[in-house]
Protein chains: 2
Amino acid sequence: MPTPPPRTTTPPEPVVPHADGFAARRAATSQQILQAAAQVMADRGYAGTSLDAVAELAGVAKGSIYNNFGSKERLFEALIAHTMDRFSATLAAAPDGRTGAAALEAVVSALLVEVRDNPAGTQLLAAELFRMGRTWQESLEPVRERIVSVFREVIAQANPAADVSVVGPAVFGATLIAGLEWRTFQPERTLPDITGVVMGSVRSVLEPAG
Amino acid sequence: MPTPPPRTTTPPEPVVPHADGFAARRAATSQQILQAAAQVMADRGYAGTSLDAVAELAGVAKGSIYNNFGSKERLFEALIAHTMDRFSATLAAAPDGRTGAAALEAVVSALLVEVRDNPAGTQLLAAELFRMGRTWQESLEPVRERIVSVFREVIAQANPAADVSVVGPAVFGATLIAGLEWRTFQPERTLPDITGVVMGSVRSVLEPAG
DNA sequence: GTCTATAAGTTGATAGAC
DNA sequence: GTCTATCAACTTATAGAC
């Protein structure tokens, strides 16, 4: 019986069994936890949110949060990142080739849509974004920057003379606060209606200084 | 955020001062506590703030907080009320007989001054004002209303055709967010400078719709 | 100023899914 | 056989009492 020739290549990697199934299961519970965390944290804030509440709402055990995220802080950071990816992608894609006033209107409208359709994410951002203390500044600053930069850039393109470092945040703030007012107190009004009013309020950013 | 154990005794009455000397002492302690609470809560939020930290920063014993305010929640409510009285009084008084664009500019400038000179109060408002859950809505809604109403009224006076229920919040948001950006990232710029840029951004609210 | 009751973050050990 | 979710115990921080 001839012996097999010596190996000339490295042995095949021990294929991880059921890799896809495990990953899918893990992703599913992570999503449940993130969704629950968004709801609870939007209402109570980071410090006010207990992992017991998140676990109960998500329908998982508290230990699962640690399996998936490692700590409360990292869960929060993942939630911020997740929410921000949504926001940034939506806002950045909104102009979609448009320029000038049409581009700004698309961004304003996109933010209003997020305020309307993603209340938990919007509230989380609004509430935590303004915490300027050292505590969260490092993790939240890039988030704020990504959002504001979309406004800055679309305004700069439409009106190169604009002082975008102040005007950008101003238009962002106008849209955000008007949107919160809309969703909370006048939900019967339509998106084009509110978009038009906000654009009418800030349209002078597209015009020469006066 | 540990929830307080159930009370076994009745809460201490918000003691009515017996004599003027005592009242003055009490008022001084209350002020110190309020000031410390504003600083800590602006950074950490309500739930993230421990009364130990407030007491230490204020230089008083923790028991003094209970003597003066009765509970953490009532301290927070007093802080909100105190901050709001400042804001409302300042904003409402800002027009000082002016009308039209000058009145709006005075209000915008007054809010920017508050953002610059009262950072703790501003941050506390910005962070807690947008918490829409049932938790604080009852105590914070009147606060939001008082601020926004100043903007609504001055705009309505200047331009009766304006849709103030949306435009008011929009101008408030524009000023607040631009002010935060100013204070945090461009503190070297002057108040008239920033006031001018914000007014330039929203000046169309004073003009007929277009 | 000190003490207590308690809530909530964290951590293995274990059962269960794939 | 691995990887994931669960549960109970541990540890710390803290609101409120005295």
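Letters go in sequence order (proteins before strands), and every chain restarts at 1.
With salt bridges taken as basic N to acidic carboxylate O contacts below 4.0 Å, one links A/R152 and A/E145.
Contact between A/V107 and A/P95 at its shortest, heavy atoms only, is CG2-CG, 3.8 Å. Scanning both residues, B/L112 and B/G179, for their nearest heavy atoms gives CD2-CA, 3.6 Å. In terms of heavy-atom proximity, A/A38 sits nearest to A/A120 at O-CB, 3.7 Å.
For A/L51 and C/dT11, the CG to P distance is 12 Å, given to the nearest whole Å. Summarising the geometry, the separation between NZ on A/K72 and C1' on C/dG9 is reported as 8 Å, rounded to the nearest angstrom. A/Y66 has its OH atom 9 Å from the C1' atom of C/dT11, to the nearest Å.
A side chain to side chain contact (heavy atoms under 4.5 Å, CB included) with B/F172 is found for exactly one of B/L111, B/V167, B/V150, B/L91, namely B/L111.
With the nearest nucleotide of DNA chain C identified for both A/D52 and A/G70, A/D52 has the one nearer the 5' end.
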Set out, line by line, the N/O atom pairs under 3.5 Å between protein and nucleotides 4-6 of chain D.
| unit_1 | atom_1 | unit_2 | atom_2 | d |
| --- | --- | --- | --- | --- |
| D/dA5 | OP1 | A/T29 | OG1 | 2.5 |
| D/dA5 | OP2 | A/N68 | ND2 | 3.2 |
| D/dA5 | N7 | A/N67 | ND2 | 2.3 |
| D/dT6 | OP2 | A/A61 | N | 2.8 |
| D/dT6 | OP2 | A/S64 | OG | 2.6 |

Only distances under 3.5 Å count here; give the side-chain donor-acceptor pairs of residues 191-199 of chain A to other protein atoms, sequence neighbours excluded, each with its distance to 0.1 Å.
| unit_1 | atom_1 | unit_2 | atom_2 | d |
| --- | --- | --- | --- | --- |
| A/D193 | OD1 | A/R189 | NH2 | 3.2 |
| A/D193 | OD2 | A/R189 | NE | 2.8 |
| A/D193 | OD2 | A/R189 | NH2 | 3.2 |
| A/T195 | OG1 | A/L191 | O | 2.7 |

